[in-house]
Amino acid sequence: MTEINYKIQNNVSQLGQGVSFPNAQRNYCTFNEQRTNELVNAKEEALPYIDTFLKTANTEEQVLDGLQVLDKMLDNGVKGIDKMYPSLSRFNNVTSPNVQVMLAGIYRKTLVPDAFGPLNKMMLRQTFMPNSPYFDPTEEIGGAIMEYLKNQAVINTSLINNKTEI
């Protein structure tokens, strides 16, 4: 990040503005799509700005908006988001079902090994103390856990198939 990109910096500074939470008519959050698209289109250049933002984000709206931008970036093939796990992990114990779902989606796509334990903790928390009246967070969290297990099974199968006999 040698030269400051003011357009990226401006978009990141506005993360959290315009976020709408799920309600009785809509079981998902909504975000400022124009801002999201501009950050997604900035690709890897935007990651340091988003990383810095998430290290200090202190409202659910800010966290959600930052995470959903990263999620969209993953969908668009942006590289390096897995390296942001230290910044993302500060949200592992947040009880917000909205944040848990966003994190689970990111962890499902990055498969950072350190995130497997926190995903299981989120699943247990939502199973025994559900706190979302508008959607079931265990669907996304469970899907992320299943992706980790599937990936581990593929690795183990590959190791077994490539094993040479002595």
Side-chain angles (χ1 to χ4, degrees), residues 8-33 35-40 42 44 46-76 78-152:
I8 293 173
Q9 189 177 38
N10 184 53
N11 278 320
V12 169
S13 73
Q14 294 178 40
L15 288 174
Q17 297 175 17
V19 174
S20 297
F21 292 116
N23 57 44
Q25 288 75 43
R26 180 180 28 80
N27 67 348
Y28 55 89
C29 294
T30 61
F31 304 93
N32 180 319
E33 292 301 320
R35 182 175 50 237
T36 298
N37 291 336
E38 287 180 19
L39 289 168
V40 169
E44 289 81 1
L47 290 182
Y49 297 92
I50 296 169
D51 189 47
T52 299
F53 176 83
L54 286 172
K55 287 177 181 174
T56 60
N58 57 15
T59 68
E60 185 174 5
E61 291 88 350
Q62 290 174 330
V63 173
L64 281 171
D65 213 357
L67 293 177
Q68 76 88 27
V69 169
L70 293 178
D71 188 60
K72 297 284 187 201
M73 287 178 149
L74 284 162
D75 291 342
N76 284 275
V78 174
K79 305 290 184 216
I81 296 170
D82 57 327
K83 307 287 187 273
M84 293 177 63
Y85 181 75
S87 297
L88 299 176
S89 68
R90 77 181 274 244
F91 307 114
N92 286 348
N93 292 316
V94 170
T95 59
S96 161
N98 301 311
V99 172
Q100 289 176 345
V101 164
M102 283 292 180
L103 273 179
I106 290 169
Y107 292 162
R108 178 185 214 158
K109 295 169 187 172
T110 59
L111 296 174
V112 175
D114 289 347
F116 186 72
L119 281 169
N120 282 282
K121 186 175 180 181
M122 287 178 212
M123 177 63 97
L124 288 170
R125 185 181 294 130
Q126 284 299 332
T127 300
F128 294 110
M129 296 177 287
N131 63 351
S132 177
Y134 305 116
F135 64 96
D136 183 4
T138 61
E139 289 181 29
E140 183 68 29
I141 297 167
I145 291 169
M146 294 300 293
E147 193 66 30
Y148 272 83
L149 296 173
K150 179 180 111 183
N151 186 59
Q152 192 59 47

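Start at 1 with the first residue, then count along the sequence. Just so it is clear, the values below take in all heavy atoms, side chains as well, and ignore hydrogens, waters and symmetry mates. Because the structure is predicted, anything quoted here is derived from the model rather than measured.
Without hydrogens or angle criteria, Asn98 side chain to Leu64 main chain gives no donor-acceptor distance under 3.5 Å. Side-chain atoms of Gln126 never come within 3.5 Å of backbone atoms of Met122 as a donor-acceptor pair (strictly under, hydrogens ignored). Of the possible polar contacts, one joining the Asn76 side chain to the Lys72 backbone as a donor-acceptor pair under 3.5 Å is found. Using modelled atom types, one side-chain atom of Gln62 and one backbone atom of Thr59 make a donor-acceptor pair closer than 3.5 Å. For the pair Tyr85 (side chain) and Asp114 (backbone), a donor-acceptor distance under 3.5 Å is present. Judged purely by atom type and a 3.5 angstrom limit, Arg35 uses its side chain to pair as donor or acceptor with the backbone of Gln17. A donor-acceptor distance shorter than 3.5 angstrom exists from the side chain of Asn37 to the backbone of Glu33, with no hydrogens or angles considered. Between the Gln9 side chain and the Tyr49 main chain, no donor and acceptor come within less than 3.5 Å of each other.
Here Leu39 contributes atom CG and Ile50 contributes atom CD1; the two are 5.0 Å apart, rounded to the nearest 0.5 Å. Going from atom CD of Gln100 over to atom OG1 of Thr138 covers 10.5 Å, rounded to the nearest 0.5 Å. Between Asn27 atom CG and Asp136 atom CG the span is 10.5 Å, to the nearest 0.5 Å.
Under 4.0 Å is where a charged nitrogen must lie from a carboxylate oxygen, and between Lys109 and Asp75 at least one such pair does.
Here the side chains of Lys121 and Asn92 are not in contact, with every heavy-atom distance at 4.5 Å or above. Taking 4.5 Å as the limit, every side-chain heavy atom of Glu140 sits out of range of all side-chain heavy atoms of Phe135. A heavy-atom distance below 4.5 Å is found between the side chains of Ile8 and Val12. The shortest side-chain heavy-atom distance between Asn93 and Arg125 falls under the 4.5 Å cut-off. Side-chain contact between Val94 and Val63 is absent, with no heavy-atom pair separated by less than 4.5 Å. Between Lys55 and Asp51, the closest side-chain pair of non-hydrogen atoms falls below 4.5 Å.
Inspection of the Gln68 and Asp65 side chains reveals an N or O donor paired with an N or O acceptor under 3.5 Å.
Residues satisfying the ring-ring contact (aromatic ring centres under 6.0 Å, His included) criterion with Tyr148, sequence neighbours excluded, are Phe116.
Judged by the 6.0 Å distance and 45° axis criteria, Arg26 is positioned over the aromatic ring of Tyr28.
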